[in-house]
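I have placed the structure first, in the form of structure tokens, so that the comments after it can refer back to it.
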Amino acid sequence: MYSKNCSKCDSTLTKARIQSSPGTVGINTTPSRVLNNNSNYSELVPYVCSSCGYVDFYVEDPEKFL
């Protein structure tokens with residue numbers, strides 16, 4: 001797997017996980033997989049830039065959308 005770079009500052013992005021509680025949404029650096037048997041399903045994963053704070057989202061398995 002190739003590394004993803006920030007589109008704002010070109011630093012390396014870190015794979016993360018979204019977590020929420022009432023009234024807030026946060027990001028965690030420990031990714032987890034959602035188990036789903038749908039063949040058209042792919043987890044949406046945030047990648048965070050530790051240099052500028054930009055967050056970009058990618059699907060985990062883009063080939064499922066061909």
Side-chain angles (χ1 to χ4, degrees):
M1 176 184 236
Y2 64 95
S3 65
K4 293 175 176 29
N5 291 335
C6 179
S7 62
K8 303 295 182 190
C9 72
D10 205 38
S11 295
T12 301
L13 296 174
T14 302
K15 189 174 183 178
R17 183 180 75 170
I18 294 177
Q19 292 183 298
S20 65
S21 62
T24 64
V25 174
I27 294 179
N28 189 323
T29 58
T30 307
S32 68
R33 296 187 65 88
V34 174
L35 299 176
N36 191 317
N37 293 331
N38 183 339
S39 63
N40 294 321
Y41 172 85
S42 181
E43 183 178 1
L44 183 62
V45 180
Y47 283 77
V48 179
C49 179
S50 59
S51 296
C52 72
Y54 183 74
V55 178
D56 213 348
F57 290 86
Y58 292 86
V59 291
E60 188 72 12
D61 301 305
E63 66 279 358
K64 289 186 176 183
F65 298 93
L66 294 175

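Reckoned from all heavy atoms, side chains included, excluding hydrogens, waters and symmetry mates.
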How close do Tyr47 and Val45 get, heavy atom to heavy atom, and via which atoms? CD1-O, 3.6 Å
Tyr54 OH to Ser7 OG distance, which is reported to the nearest 0.5 Å: 4.0 Å
For Ile18 and Pro46, which heavy atoms make the closest approach, and how far apart are they? CG1-CG, 3.7 Å
Between Val48 and Ala16 the two heavy atoms that sit nearest each other are CG2-CB, 3.9 Å
Side chains of Cys6 and Cys52: does their closest heavy-atom pair fall under 4.5 Å? yes
Side chain to side chain donor-acceptor pair (under 3.5 Å) filter on Thr12, not counting sequence neighbours, yields none
Run the side chain to side chain contact (heavy atoms under 4.5 Å, CB included) test against Ser50 and tell me which residues pass, sequence neighbours left out. none
